[in-house]
Amino acid sequence: MEFGTPKAVEDLPPLTPDAVVDLSQERKDARTDEILNALDDDLIGLVPVKTRIREIASLLLVDRLRARFGLTSAPPNLHMCFTGSPGTGKTTVAVRMAELLHGLGHIRKNHLVTASRDDLVGQHVGHTAPKTRDVLRRAMGGVLFIDEAYALHRDSDRDYGQEAIEILLQFMENHREDLVVILAGYRDRMDEFFAVNPGMSSRVAHHIDFPDFDLAELESIGRLMLAENGYALATDAEPVFRDYLALRSTQPRFANARSVRNAIERARLRHANRLTATTDRVGRADLMTLRPEDFLASRVFATERPEPGTPT
Ligand SMILES: Nc1ncnc2c1ncn2[C@@H]1O[C@H](COP(=O)(O)OP(=O)(O)OP(=O)(O)O)[C@@H](O)[C@H]1O
Ligand SMILES: [Mg+2]
């Protein structure tokens, strides 16, 4: 989603000390509500995450106003850490965060550069610094998203990860107004990472935990994904889909919303096969409707132990 380029604070008229500002107009101009409402509508659950994002939006909005009254303050520290299980929406929210920070004029570009250990850390002496700097240069003006950030640290004297961390720390400290770093990963591994890198922990102002989705949320996520793709569940497929999710969420390699997406992809495949195998004439409703058998054929329902590999 593109919300256009916001006006930089410098381009807005300064305010006299006795001026009074219409906050709702300000929110409109910065498109805050538009972005926050889209976040509410498009993402199920994640209440603590959404609350924190609203707080950050308020902080930036107030900061913008303060600047126009000539009240200057240090740019806020917006480096963040997103912890949570696979498929809980960390990457998705990071993309939305870039939009919001851009909408509120905190970063120049609405862009997010994703990097993992391999993009930052070299294999040989002298390779790490240029690699890390190159990624930072590309991210500058926007958001740098470091997935599985704990992988930067390895318990070995001969590892170059620490060099990358030091350079990152420098940039996080010195380019706060022009770069937001978001670290992401599993909760316990990030905790361990921060324990051995206290400098990193103290530079991250917002530690945001992404909770696992409960069954009702997984179901809502599924419905949302189906609707977005122009599919619907037949009435008798609804309890089957719920049973599928209940079973799948207890099985290995369950990845929250991503597993819901995968389940729907596979149901689409079975649906298409069913239609082409059994029907000559199809109408719009047939093309849209997923039936119980599109889920029941899944190995998730098999009583015997599934083969190694992702259940399908
Ligand atoms: N709250 C939500 N509501 C609806 N869809 C969601 C929600 N959270 C995630 N999704 C969808 O689930 C999928 C996985 O989300 P995402 O990639 O953001 O998870 P992640 O936490 O980054 O996972 P990983 O830890 O494996 O990188 C995406 O297709 C996303 O659109
Ligand atoms: Mg991710």
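All values below were derived from every heavy atom in this structure, side-chain atoms included, with hydrogens, water molecules and symmetry-related copies excluded. Whatever order the structure lists ligands and atoms in, that order sets their numbers, starting from 1.
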*Less than 6.0 Å separating the ring centroids of H271 and Y231?*
yes
*asked:* Tell me the closest heavy-atom pair linking F69 and A19, and the distance in Å.
replied: CZ-O, 3.5 Å
N/O to N/O under 3.5 Å, ligand 1 against protein:
residue: ligand 1; atom: 1 (N); partner: I44; partner atom: N; Å: 3.3
residue: ligand 1; atom: 1 (N); partner: I44; partner atom: O; Å: 2.8
residue: ligand 1; atom: 3 (N); partner: I44; partner atom: N; Å: 3.0
residue: ligand 1; atom: 17 (O); partner: R258; partner atom: NH2; Å: 3.2
residue: ligand 1; atom: 18 (O); partner: T91; partner atom: N; Å: 3.4
residue: ligand 1; atom: 18 (O); partner: T92; partner atom: N; Å: 2.9
residue: ligand 1; atom: 18 (O); partner: T92; partner atom: OG1; Å: 2.5
residue: ligand 1; atom: 19 (O); partner: G89; partner atom: N; Å: 3.2
residue: ligand 1; atom: 21 (O); partner: T88; partner atom: N; Å: 3.2
residue: ligand 1; atom: 21 (O); partner: G89; partner atom: N; Å: 3.1
residue: ligand 1; atom: 21 (O); partner: K90; partner atom: N; Å: 2.9
residue: ligand 1; atom: 21 (O); partner: K90; partner atom: NZ; Å: 2.8
residue: ligand 1; atom: 22 (O); partner: T91; partner atom: N; Å: 2.9
residue: ligand 1; atom: 22 (O); partner: T91; partner atom: OG1; Å: 2.8
residue: ligand 1; atom: 23 (O); partner: G87; partner atom: N; Å: 2.8
residue: ligand 1; atom: 23 (O); partner: R258; partner atom: NH2; Å: 3.0
residue: ligand 1; atom: 25 (O); partner: K90; partner atom: NZ; Å: 2.7
residue: ligand 1; atom: 26 (O); partner: R258; partner atom: NH1; Å: 2.9
residue: ligand 1; atom: 26 (O); partner: R258; partner atom: NH2; Å: 3.1
residue: ligand 1; atom: 29 (O); partner: R261; partner atom: NE; Å: 2.6
residue: ligand 1; atom: 29 (O); partner: R261; partner atom: NH2; Å: 3.1
residue: ligand 1; atom: 31 (O); partner: R261; partner atom: NH2; Å: 3.3

*Does any N, O or S atom in T91 come within less than 2.8 Å of the Mg ion (ligand 2)?*
yes
*Return each pair, listed once, that meets ring-ring contact (aromatic ring centres under 6.0 Å, His included) where at least one residue sits in residues 134-160; pairs must be two or more places apart or across chains.*
none
*Determine the interplanar angle of the H127 and H124 rings, folded into 0 to 90°, and report it as parallel if under 30°, tilted if 30 to 60°, perpendicular if over 60°.*
perpendicular
*Please name the pair of heavy atoms, one in D294 and one in T289, separated by the smallest distance, quoted to 0.1 Å.*
OD2-O, 4.3 Å
*If you take all heavy atoms of M288 and G230, which pair is closest and at what distance?*
CG-O, 3.6 Å
